[in-house]
Protein chains: 2
Amino acid sequence: MPENKNLTLDPENWDEMRQLGHQMIDDLFDYWQSIRDQKIWKPIPEEVKDQFEKPIPEKGQSPEEVYKEFKEFIFPYNKGNVHPRFFAWIQGTGTPMGVLADLLASGMNPNTTIGEHSAMYVDRQVVNWCKELMNYPQEASGILVSGGSMANITALTVARNSFGSEKIRQKGLKAASAQLIIYCSVETHSCIQKAAEIIGLGTDSVRKISVNERYEMNVAELEHQIISDKKAGLLPFAIVGTSGTVNTGAIDPLDELLKISKTYGLWFHVDGAYGALAKLDPVYAPRLKAIEEADSVAFDLHKWLYVPYEVGCTLIRDAKKHREAFAITPNYLLQESRGLSGGLDSINNYGFELSRGFKALKIWMSLKEHGKEKYAAMIAQNNRQAEYLADLVNQNPELELMAPVSMSITCFRMIKPGLSEEQLKDLNREILLRLQEEGIASPSSTILNGKYTLRVANVNQRTRMEDMDLLVREVLRIGNQIVIA
Amino acid sequence: MPENKNLTLDPENWDEMRQLGHQMIDDLFDYWQSIRDQKIWKPIPEEVKDQFEKPIPEKGQSPEEVYKEFKEFIFPYNKGNVHPRFFAWIQGTGTPMGVLADLLASGMNPNTTIGEHSAMYVDRQVVNWCKELMNYPQEASGILVSGGSMANITALTVARNSFGSEKIRQKGLKAASAQLIIYCSVETHSCIQKAAEIIGLGTDSVRKISVNERYEMNVAELEHQIISDKKAGLLPFAIVGTSGTVNTGAIDPLDELLKISKTYGLWFHVDGAYGALAKLDPVYAPRLKAIEEADSVAFDLHKWLYVPYEVGCTLIRDAKKHREAFAITPNYLLQESRGLSGGLDSINNYGFELSRGFKALKIWMSLKEHGKEKYAAMIAQNNRQAEYLADLVNQNPELELMAPVSMSITCFRMIKPGLSEEQLKDLNREILLRLQEEGIASPSSTILNGKYTLRVANVNQRTRMEDMDLLVREVLRIGNQIVIA
């Protein structure tokens with residue numbers, strides 16, 4: 001390298017790169033504007049898959065060529081959760097403004113952890129808005145994380161560390177006076193078990209309480225289990241209530257769980273990754289009222305705030321306990337009263353991560369664009385769509401509703417006289433696969449009481465009532481084409 | 001809501017929103033193209049800060065108005081790590097192509113965890129490329145995470161869970177036969193201590209071994225400590241070697257640490273968040289050779305691969321142990337051989353998170369654009385710039401080099417005859433603050449052997465040799481203006 005030649009990764013030709021940026025904007029808008037008329041999914045051809053087997057490129061190629069490869073190999077084989085009939089798992093749609101905010105966030109590229117700069121204030125404001133959304137006290141603390149799993153494990157780490165006189169942060173769990181125990185239901189999201197495993201409690205520390213016929217935690221069994229664990233010399237420390245289970249959208253009896261947690265001095269955490277934001281729907285607000293008094297709540301913004309991946313939020317009622325679980329200030333991060341190192345408390349004092357992107361911006365711009373009322377109406381719309389789908393199912397003797405509809409999840413299957421459970425599974429599984437393969441719609445599946453069921457989970461801002469009509473029509477059409485031997 | 005009116009968060013006017021997207025592209029390119037002539041930092045006026053105190057908006061406003069607020073309140077007060085003279089902490093610059101890739105990733109918005117779609121293949125290919133960058137075996141496993149903290153804690157969780165017959169994932173640490181112990185140096189990044197605290201080992205389980213005058217771990221002390229801990233009935237299980245300490249860029253004697261880990265049957269993890277990629281610089285490659293035989297390595301791509309936030313990588317030599325630490329498959333995530341639910345092994349089986357964005361795309365497009373060789377040259381350039389700065393410091397009697405230069409970090413301070421240590425601190429602290437406040441450059445500071453020092457950490461793709469000349473000139477100019485009483 002000659003000494004006077006400075007290398008850079010900036011474009012050799014700025015105008016061409018700028019032009020490429022404009023082309024991308026146009027291509028994305030063309031894609032979104034026509035998404036309803038596109039197939040929701042298509043298989044990836046083998047020759048395209050071969051592209052993804054190639055080793056690391058030694059030499060570069062022009063930006064235009066790279067983008068051409070993107071358009072040929074990547075863009076056409078998208079997952080489909082931007083499509084109006086994507087109902088698989090629980091995956092949000094995103095919005096054009098959310099995407100443009102991600103562009104700006106990436107373009108500014110601030111490390112949003114420390115220092116006196118605008119992203120720190122936007123992040124704080126968005127966390128404060130999250131408290132407003134949950135009707136949580138403003139003196140509570142919170143942090144934006146990548147999603148529900150991180151939000152839950154962050155809260156459970158605080159819960160664990162703030163447990164009595166155990167000094168777990170310093171001494172670790174080996175030194176705890178007894179095994180700590182956490183309570184949730186059998187329908188609780190797998191990330192709670194994973195969190196318990198990661199933070200050193202182990203799978204065995206998770207008591208999975210049974211559920212009633214609406215898939216809600218059985219409170220009597222919970223209380224009995226706590227008493228029995230205490231008698232056995234164990235240390236119950238936290239109850240996790242779910243606001244919207246992943247299988248059926250069920251809501252645990254949060255007010256009763258809150259009461260029990262107070263009775264026994266346990267931390268009450270609400271996993272609302274999917275459904276805490278249903279608080280904005282007046283139909284669900286009363287049953288979610290107890291969130292406001294929980295010790296912590298976790299919820300996703302890339303689900304029911306419809307922003308692009310990744311962003312979730314943890315709120316912790318006791319800000320001091322929150323900070324005590326994570327704060328470390330090494331010498332190279334000392335804060336100043338002036339300059340770049342001034343400003344707000346560093347965000348790494350409240351979570352796992354040190355480097356953090358500017359994920360707050362898409363929430364800030366989205367809430368400014370639409371306002372809270374519009375989001376309330378959108379969430380209510382998804383819930384009504386699920387109820388509408390259930391009505392269609394109930395009206396049709398060839399279809400069977402598999403669980404009570406809660407929030408925006410509808411579980412159902414096609415039935416035919418004389419088919420065994422195994423044959424019904426084969427039938428509905430084939431319906432699901434053909435719905436996807438023909439590019440019509442993407443529900444997913446689950447197992448409820450041992451029975452295979454189609455599962456329509458809707459946190460989709462593009463879905464219309466008519467999409468539910470179409471879905472039912474297509475399920476019946478495909479189902480009637482299938483011969484089960 | 002009337003039943004036939006479908007609400008959406010898509011734009012009321014698509015053409016205007018598209019136009020706004022074009023405007024953003026132009027504004028970002030104008031910003032980047034003129035960044036060298038802009039002030040690196042400016043204070044946020046109080047009236048702007050007031051904006052960030054406002055409660056959540058109930059009603060929406062037009063996209064144009066939202067963007068106007070962004071341009072007025074947020075854009076001008078950026079952190080500055082996109083600027084050619086940003087040298088604070090260790091924060092990458094990003095590139096235009098990396099930003100445009102983020103735009104596309106957000107626009108496609110695939111949840112990159114499960115299913116048969118292109119993002120899953122891109123993610124796998126990028127992880128394979130990461131193995132190539134580290135000269136790691138292709139049969140190893142890996143996962144892209146948000147950054148170094150998550151990369152390190154992911155690796156340490158695998159290390160902890162795969163420890164002998166302790167069955168920690170299932171039974172938790174309380175049931176372990178003795179306290180597990182982890183070894184690192186006093187210069188190790190704070191995220192290792194934080195990881196130990198979070199995964200339930202506790203602060204006390206972290207043995208911080210002293211360093212030599214080059215800030216590298218003292219191997220004799222390490223070995224002595226392991227022996228003494230074993231004698232005390234404790235369970236040593238992991239050594240963390242650092243490839244590029246955050247304070248001075250020091251490299252622990254990795255080959256010796258590897259040897260000791262083998263002798264005592266410990267997991268050898270390399271924290272290369274900052275400096276593992278210095279493997280691409282022939283000057284550093286020999287000292288980083290041992291990474292190839294480590295049990296795990298963590299490194300950031302938003303530092304020395306210069307992509308925008310957030311992305312780091314963990315590689316684990318033993319893919320089976322990696323999967324065994326995290327895999328859970330709930331009913332609603334069952335994989336199929338066809339359709340959307342087909343495809344590759346779900347990525348949540350290898351880490352903390354379930355929902356994941358498409359962070360692989362910016363690495364894919366960046367490596368395609370520039371090729372590995374260009375990155376090698378860029379990293380080498382940063383290292384040579386640090387050495388050049390050290391030469392300037394050494395040539396000037398008013399400046400003092402505070403640590404040996406390793407990788408791209410140069411620590412120095414201004415000195416004046418007759419000043420006490422406390423006065424030297426005041427002098428250099430004031431120099432730092434004025435450099436930032438005048439918008440010239442943003443180094444940061446640290447404490448080395450109790451002495452306050454300016455710290456220039458350079459993972460900046462826009463920095464030129466002349467920026468080092470300018471920095472030294474300005475330090476002297478400002479320093480000579482300051483009167484220390």
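Below, chain A is the first sequence line, B the second, and so on; all start at residue 1. Just so we're clear, the structure is a prediction, and the values are computed from it rather than from any experiment.
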Going by distance alone, is a donor N or O of one side chain under 3.5 Å from an acceptor N or O of the other, for B:R18 and A:Q33?
yes
Between B:K171 (side chain) and A:S205 (backbone), is there a donor-acceptor pair under 3.5 Å?
no
Picking from A:P96, A:S341, A:A175, which has the most non-hydrogen pairs under 4.5 angstrom with chain B?
A:P96
State whether the side chain of B:K59 and the backbone N or O of A:H370 hold a donor-acceptor pair below 3.5 Å, judged by distance alone.
no
For the interface with chain B, which of A:L28, A:L20, A:N161 has the highest count of heavy-atom pairs at distances below 4.5 Å?
A:L28
I'd like to know if A:R429 pairs up with B:E336 as an ion pair, taking the criterion as any Lys NZ or Arg NE/NH1/NH2 lying under 4.0 Å from an Asp or Glu carboxylate oxygen.
yes
Below 4.5 Å from any heavy atom of chain A, which atoms of B:Q436 appear? Answer side chain, backbone, both or neither.
side chain
Whether B:F29 and A:W14 hold their rings parallel, tilted or perpendicular, with breakpoints at 30° and 60°
perpendicular
Distance, nearest 0.5 Å, that separates CG of A:L354 from OG of B:S190:
6.0 Å
Examine distances only and state if a side-chain atom of B:S146 and a backbone atom of A:S146 form a donor-acceptor pair shorter than 3.5 Å.
no
Any side-chain heavy-atom pair of A:K79 and B:T112 under 4.5 Å:
no
Sort out for me which of B:R462, B:M378, B:M365 touches chain A most, counting heavy-atom pairs under 4.5 Å.
B:M378
Once rounded to the nearest 0.5 Å, what's the spacing between atom CD1 of B:I56 and atom CG of A:L367?
4.5 Å
So B:Y67 and A:L104, do their side chains get closer than 4.5 Å, heavy atoms only?
yes
Could you tell me whether the side chain of A:S355 reaches within less than 4.5 Å of the side chain of B:E310, counting heavy atoms only?
no
Is there a donor-acceptor contact under 3.5 Å from the side chain of B:N6 to the main chain of A:M465?
yes
Quick one: do A:E53 and B:R124 make a salt bridge, cutoff under 4.0 Å?
yes
Can A:T203 and B:Q170 be counted as having a side-chain donor-acceptor contact under 3.5 angstrom?
no
Contact check, side chains of A:F352 and B:M150, non-hydrogen atoms, under 4.5 Å
yes
Using non-hydrogen atoms and a 4.5 Å limit, figure out which bit of A:E353 sits close to chain B: side chain, backbone, both or neither.
both
Out of A:R160, A:R455, A:K374, A:E65, return the one with the most heavy atom pairs under 4.5 angstrom to chain B.
A:R160
Working to the nearest 0.5 Å, report the span between CD of A:E373 and CD of B:E58.
5.5 Å
Chain A interface, residue from B:A178, B:G92, B:A119, B:G312 that has the most non-hydrogen pairs under 4.5 Å:
B:A178
So A:W89 and B:L340, do their side chains get closer than 4.5 Å, heavy atoms only?
yes
First locate atom OG1 of A:T93, then atom CG of B:D10, and finally report the distance between them rounded to the nearest 0.5 Å.
8.5 Å
Flag the pair A:Y309 / B:R356 as yes when at least one side-chain heavy-atom distance between them is below 4.5 Å, and no otherwise.
no
What residue, out of B:M108, B:E132, B:M97, has the most heavy-atom pairs lying under 4.5 Å from chain A?
B:M108
If we define contacts as heavy-atom pairs under 4.5 Å, which of A:D102, A:T95, A:I114, A:V48 has the most with chain B?
A:I114
Counting heavy-atom pairs under 4.5 Å with chain A, which one of B:K362, B:E466, B:K359 comes out on top?
B:K359
Side chain to side chain contact (heavy atoms under 4.5 Å, CB included) between B:N111 and A:H302, intermediate numbers included
CA-CA 10 Å; B:N111 183 325; A:H302 56 220; 6.0 Å; no
Those residues at least two apart in sequence (or on a different chain) that pass side chain to side chain donor-acceptor pair (under 3.5 Å) with B:K368 are A:E69
Would you please say whether a donor-acceptor pair under 3.5 Å links the side chains of A:H22 and B:D26?
yes
With chain B, which of A:G147, A:C191, A:P55 has the greatest number of heavy-atom pairs at distances under 4.5 Å?
A:P55
Any sub-3.5 Å donor-acceptor pair from A:Q61's side-chain atoms to B:E369's backbone N or O?
no
With a 4.5 angstrom heavy-atom cut-off, is it the side chain or the backbone of A:P43 that approaches chain B, or both, or neither?
neither
Please check this pair: side chain of A:Q125 against backbone of B:K54, looking for a donor-acceptor N/O pair closer than 3.5 Å.
yes
The criterion is ring pair (Phe, Tyr, Trp, His ring centres under 6.0 Å); which residues satisfy it with A:H117, sequence neighbours excluded?
none
As an exercise: rank A:N247, A:D204, A:L180 by heavy-atom pairs under 4.5 Å with chain B and give me the winner.
A:D204
Are any non-hydrogen side-chain atoms of B:T8 and A:T463 less than 4.5 angstrom apart?
no
Are B:F70 and A:L361 packed together at the side-chain level, in the sense that at least one heavy-atom pair is separated by less than 4.5 angstrom?
yes
Tell me whether B:K174 contacts the main-chain N or O of A:L173 through its side chain, where contact means a donor paired with an acceptor under 3.5 Å.
no
When you measure from the side chain of A:N81 to the backbone of B:N109, do you find a donor-acceptor pair of N or O atoms at a distance under 3.5 Å?
yes
What part of B:T157 gets closer than 4.5 Å to chain A, counting heavy atoms only: side chain, backbone, both or neither?
side chain
With respect to chain A, which residue among B:F73, B:Y306, B:Y77, B:W41 yields the maximal number of heavy-atom pairs within a distance under 4.5 Å?
B:W41
Parallel, tilted or perpendicular: which describes the rings of A:F52 and B:W364, with under 30° parallel and over 60° perpendicular?
tilted
Among B:V122, B:N348, B:L433, B:L432, which residue forms the greatest number of heavy-atom pairs with chain A at distances under 4.5 Å?
B:L433
Can you tell me if A:K167 has over 12 outside heavy atoms packed within less than 6.0 Å of its NZ?
no
When rounded to the nearest 0.5 angstrom, what is the spacing between CD1 in B:I168 and CG in A:L201?
12.5 Å
Quick one: CD on B:E197 to CD1 on A:I199, what's the gap to the nearest 0.5 Å?
13.5 Å
In terms of heavy-atom proximity below 4.5 Å to chain B, should A:F358 be classed as side chain, backbone, both, or neither?
side chain
If only atom types and distance count, is the side chain of A:W32 paired as donor or acceptor with the main-chain N or O of B:G107 below 3.5 Å?
yes
Tell me if a side-chain donor or acceptor on B:S118 pairs with a main-chain N or O of A:I44 at a distance below 3.5 Å.
no
Between the side chains of A:E116 and B:K49, is the shortest nitrogen-to-carboxylate-oxygen separation below 4.0 Å, so that they form an ion pair?
yes
